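To keep things clear, I will list the structure first and then write my remarks on it.
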Amino acid sequence: MTQEPTADRPRIDAYEKVLGRALYAADQPITGLLHAMTVPATIAKGRIEAIDATAAQKVPGVVRVFTYEDFSQIKTTPAARGAYGQPGKGHQPMTSPVVRHRGEAVALVVAETLEAAIEGAEAIKVRYASGPFSARMEDELASPEAEPDRQLSSGDAQAAFAAANHRIDVEYLHPQQHHNPIELISTTAAFEDGELRIYEGTQAASAFAGGLAGMMGMDPTRLRGVSPYTGGGFGQKNGIQEQSVLVASAAALLRRPVKLVMPRGQLFHTASYRPRSRHRIRLGADEQGRLLAGLYETVQQNSRYDGFACDHGANPPRMYGYRTWQGSDRIVRVDTQTPGHQRAPHEHPSSYATECAMDELAEAVGMDPVEFRLANDTQNDPITGKPFSSRHLAGCLMRGAEMFDWNRRRREPGALVADNGGLIGLGVACGSYKGSMTAAVTTLRLFASGRCEIATSGHEMGQGIRSVIAAELIEILDVDPTKLEIRIGDTGHAPQHITAGSWGTGSVAPAARSAAMKMREELSALTGAPLSEEPVHVQLARTRRLSLEVTVNTIPLGKDGQVIEQLRRGIPSTTGPEYPEFMAFSWIAHFAEVHVETSTGRVRVKRVVSVADCGRVMNRRTAESQVRGGVVWGIGAALREAGETDPRFGGVLNNDLAEYVVPVNADIGTIDVDFIGEPDFKLNMSGVKGLGEVAMVGAAAAVVNAVYNATGRRIRHLPIRIEDLL
Amino acid sequence: MRSLSYVRAGNVREAIEAFAAAGEGARYIAGGTTLYDLMKLGVERPAHLIDIASLEGADRIDTRGDVLFFGAGALMADVAEDDVIRRDYPVLAESLSKAASQQLRNMATVGGNLLQRTRCPYFRNGAIGAYPCNKREPGSGCAGIGGVDRGQAVLGASDACNAVSPGDWPVALTAMDATIEISGPAGTRSVPISDFYRLPGNTPHLEFAIEAGEIVTGISVPKTAAGRNSTYLKVRDRESYAFALASAAVALRMDGNHVRQAHIALGGVATRPWRAREAEALLNAQTIDREIALAAGRAAFADARAGEHNAFKIELGARTLADAIMIAGGKIQ
Amino acid sequence: MSDAHDSKIFEVTRRQVLEVGTIVSMSGMLPAAAQAQGSVSQPTPENGATVRVSFQINGQPGAMEIDARASLLDMLRERLGLAGAKKGCDHGQCGACTVHIDGRRVASCLTLAAKVDGRTVTTIEGIGSADALHPMQQAFIDHDALQCGYCTPGQIMAAIACVKEGHASTPEDIREYMSGNICRCGAYVGIVAAIQQAAPQIERG
């Protein structure tokens, strides 16, 4: 079994993408398509008293106006939801006159053209009875849950904290953020070949299709979810969207294909988002800088009607060798749409809070922040006592420090000054993300012509999952990548587990690898001899068979055969981070250099160095891109992004890409990436851990810590904006 | 967006006639980067569009005479890249090149840009927010006052509106004493840019001193040696492709080391492009250093009034202006 | 709309094309993917007042009667089956819809389709082919200047224009002049490197 990273190959689907030929959900050429547009609610909470669609129905081209009266048959049972981490959908817009958040659909207009649908939607008049609401967790009517979602503890942290020589007690605020993949979320529903096909950019085609079938009372085998390319997901596309079932139902009622591309302004109000959270962190250390105690309490917003657990406490106690720990995470309910997983959902906010707190404590102890972290390195999880399957965080820190030239950092803030007078700050922070895997059913077909087809579970959303599959097939079978067809993201080809949580590679690489190995076995059995060095398809051709097909079920460590049935039904079935023998995480260290303009307080991130331990690197090129992307997200979180809510109205004020400022090209400087590259074969046969999520974890904290090093100011909220440093 | 008619006019006369013939709901459209955007948001609802983007000769840029002349149809990108403007009037070129993106600057005209409307979220969010907004729906109130007002104006606000004037180019033109050339059914007229932008007062929906059916045909800027010592400094929430939190257009006519005349206008902080006469007066006959530049900056904001979240704009605006004065004065880069 | 406005000065066909459908003379212009699937988009009825536009797209002449409200982006995507230009914001804020009109990059979502009458439009489908990639396309592959690929057609159209405008001489210039194209996956480092690689080839070519 190889321990080498695979060859540096171009992303296998890059050709389709640079030629503009990759077809995303809203690009599908479908005959006789109708266009739909939603009418967003203009109240934050209440009831629809009356809808006047007279004018809309008169708009030339409008085929039908749907309201809640048309969709009362839609079932909203928890089982119908099917989305990862959100066990119940307590509210499906347009199934009753109830309005539970601003911007939810109250009517759907279907027309011959998009222009007519929009005109029709604008012509709908709705009369509401508005009720009292709370838009943010600080508001009077917000409802804290009585019980915490999670409590982790080890030892008597209160006592240890009280006895510590060095203590900090700080609170960090993380704002609401919005994923904003550039692909607008869209739904196209069409009856084709006797089945209802739903084209929607999704990370969870089976859960999506199964959930929709449940909501519509359809035979799940007659509903197919198709998402061969997802134009960025970041977690926003891992469930059924509010509009999905409305479009599917409209198509079913009209017996015509219907497409809805949601306007971005509405998506800020209907799709998921990273909820606002508060983090109180107390850390205590002894004179030598050993971490004696960590106490970590978090609260996070949620909607009134769905589960979305507050899970900030899961990772921080695993970062260092805490002697004692006590954590609790709790939600506060407000009147918004349900938040959800956004890249490094809890790991990013919690690493922001705790890694900034580590910087504060390092200073209190009087240690260099890198040394301080190295001094508290551990190979065992402080909570369970289990060893980590692999942990090279110290290696990440040491290699990163060298690449970054960390030694030039001065402990006293503002000591480094750029030629233009700007203050230079250097910061470090670390991150982790659970090592997780899922089941897959993989069908691999080799043709004597040299063609090779594989159908498996996975969704391509930019992480390069096709390239991972190709890498394993090339390694084991030496197939020609130009003759390789990879079918993923389509329930018509294979059951599709939700692709999220950085388990894509760790699931699909072993799936492709074991299918390829089984292919070798079958071929060998067929030829009656061990395989030669000749191309496999030539050896197959010699048997006078046109093709050979193998199907492999891969069952992740710690699960049994039942997961295959769950997979087929779209039920999430992930493993990790806790396994019988160990805990599994990916690790990363980020180093950031910022320059702060003294007159205006503008912060520019000149350089970031990130070193990751993600097990074996499947494709150096795409892996580097993923880490850079995670760093860009960290910079966005540290300095740019926040959804703004006016508590008088609810909703999101800056609901577009001009005012919700994600980083642009000019915001990004140099980002240097390296990998430890040690395979983790304890976790799976491919030796891979996840990368897409860990890439972001700690990146924002590194920037914030660098801002402190430049300015001497601890800003304990995100984003750090101009007004914070003036 | 309602159904509408569209016609492309070939010259100014044709355009004015087409507008008159169209009647209720007629609007001129040039690049469309503001109007079409707001039509998509349901904020603007024209019934007839008269396309004036390609009027005969309207894209003329003439820097040869006593004044700089910019035909209203000249593209923002083309004026930004004009060699003479870049060399002799960086304040004008920079105000354009720091606005929007190259795609939009290839569409938007320098005439149309004068009529850009506010980015106030309460104004733009007509569909989902349906927030009170006196600009969008006169008499409905102003959600911007007492709201999430980080982006709102600290200068020139009234009890009816505190929305910021969004432009960059109009700020530079205000500093440079531009004149707006206008044609309409009743003939042509010239309006000093200081009279072109109205304060919101009790009628925030009336933003520009231009009547229905009139067209901006050109912009004249008197030539001045101050152009050479000029800059447009824009501070925003990201390094590019964002509206100003604070900006300053500064041009200094120097007499040796002393300022003979300063031209100063501010953006991102006021309800209209804001001429800072107090700051100009303060610089008169002075040599430029950090201290005097900051004093001018503070003078420009002496009458500023902040809400809950935008007080920082007073300090940021003053420092941005101070930096701009230092750049224009050749003290820093 | 009242008949009083139906004067000759509007050289616009006002009939509402409900049954006849739009006349689209764009054969051979559809992307390979659409042709391969054998489901070429049907002539669509236009529901609002229409305007007739004639244009060149990717080197081929075309003409159609189109709703006067429609954007160039919706004309390309919903009428002509050219789905390479993407809708990411529909308000000129993301750059995913970037195409060239008469050789200059524009946001097709904020361009009225009516405005392209008499103009030349180039979309990603008119740039390179699988056998002969444009140097910018090759450079995007070489530097992995993409992830999900959704913003990529717009990035490449903007990047080609960026070079032709003379705004690709330094990394700082590239960053500034490529800031109208948001890549949420965060491929900016690769995009800058790709443009640096392709720029000399394009300038020579």
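Quick caveat: nothing in here was measured; it's all calculated off a predicted structure. Convention: sequence-line order gives letters A, B, ...; per-chain numbering from 1.
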Exercise for the section: Heavy-atom pairs under 4.5 Å with chain B are the metric here; pick the option from A/Pro719, A/Ala666, A/Ser599, A/Ala658 that has the most. Expected result: A/Ser599
Problem - Side-chain ion pair, A/Glu723 and B/Arg150, N-O less than 4.0 Å - result: yes
Practice task
Flag the pair A/Thr600 / B/Thr320 as yes when at least one side-chain heavy-atom distance between them is below 4.5 Å, and no otherwise.
Solution key: yes
Exercise for the section: Sort A/Ala41 into side chain, backbone, both or neither according to what part of it lies under 4.5 angstrom from a heavy atom of chain B. Expected result: backbone
Problem - Check: A/Arg602 and B/Val235 side chains under 4.5 Å, non-hydrogen atoms - result: yes
Completion exercise
chain A shares the most heavy-atom pairs under 4.5 Å, among B/Arg124, B/Arg290, B/Arg119, B/Glu315, with B/Arg119
Handout entry: Close side-chain approach of A/Ile118 and B/Met39, heavy atoms under 4.5 Å
Key = no
Handout entry: Residue among A/Gln266, A/Glu644, A/Arg604 with most heavy-atom pairs under 4.5 Å to chain B
Key = A/Arg604
Practice task
Report the residues that fulfil ring pair (Phe, Tyr, Trp, His ring centres under 6.0 Å) with A/Tyr660, sequence neighbours left out, ordered by chain and then residue number.
Solution key: A/His178, A/Phe268
Practice task
Quick one: pull up CG in A/Asn655 and CG in B/Asn125 and give me the separation to the nearest 0.5 Å.
Solution key: 4.0 Å
Practice task
Can you measure from CD (B/Glu239) to CD1 (A/Ile668) and round to the nearest 0.5 angstrom?
Solution key: 10.0 Å
Problem - CG-CG distance between A/Leu725 and B/Leu316, expressed to the nearest 0.5 angstrom - result: 11.5 Å
Handout entry: Heavy-atom contact with chain A under 4.5 Å, split by part of B/Arg236
Key = backbone
Fill in the blank from the handout: Here the gap from A/Asp656 atom CG to B/Leu41 atom CG, rounded to the nearest 0.5 Å, amounts to 8.0 Å
Problem - Proximal component of A/Val662, with respect to chain B [non-hydrogen, under 4.5 Å] - result: both
Completion exercise
Value for CD1 (A/Ile722) from NZ (B/Lys313), rounded to nearest 0.5 Å, stands at 10.5 Å
Practice task
Taking all heavy atoms of B/Arg238 and all of A/Arg640, pick out the closest pair and write down the distance.
Solution key: CB-NE, 3.3 Å
Practice task
Taking all non-hydrogen atoms of both residues into account, name the closest pair between A/Gly103 and B/Ile128 and its distance.
Solution key: CA-CG2, 4.0 Å
Practice task
Please tell me if the side chains of B/Tyr131 and A/Asp646 come closer than 4.5 Å, counting only heavy atoms from C-beta onward.
Solution key: no
Practice task
Kindly compute the distance separating CD1 (B/Ile314) from CG (A/Leu726), expressed to the nearest 0.5 Å.
Solution key: 11.5 Å
Practice task
Below 4.5 Å from any heavy atom of chain A, which atoms of B/Leu294 appear? Answer side chain, backbone, both or neither.
Solution key: neither
Handout entry: Sidechain N-carboxylate O distance under 4.0 Å for B/Arg45, A/Glu122
Key = yes
Practice task
State whether the number of non-hydrogen atoms from other residues, nucleotides or ligands found under 6.0 Å of B/Asp159 atom CG is greater than 12.
Solution key: no
Exercise for the section: With B/Tyr241 as reference, evaluate A/Leu657, A/Asp667, A/Val664 under the side-chain contact (heavy atoms from CB on, under 4.5 Å) test and give the passing residue. Expected result: A/Val664
Problem - Part of B/Asp237 within contact of chain A (heavy atom distance under 4.5 Å) - result: both
Practice task
Take atom CD of A/Glu138 as the centre, draw a 6.0 Å sphere, and report whether it contains more than 12 heavy atoms from other residues, nucleotides or ligands.
Solution key: yes
Problem - Proximal component of A/Thr38, with respect to chain B [non-hydrogen, under 4.5 Å] - result: neither
Practice task
Tell me, for B/Ala143 versus chain A, whether the close heavy atoms (under 4.5 Å) come from the side chain, the backbone, both or neither.
Solution key: both
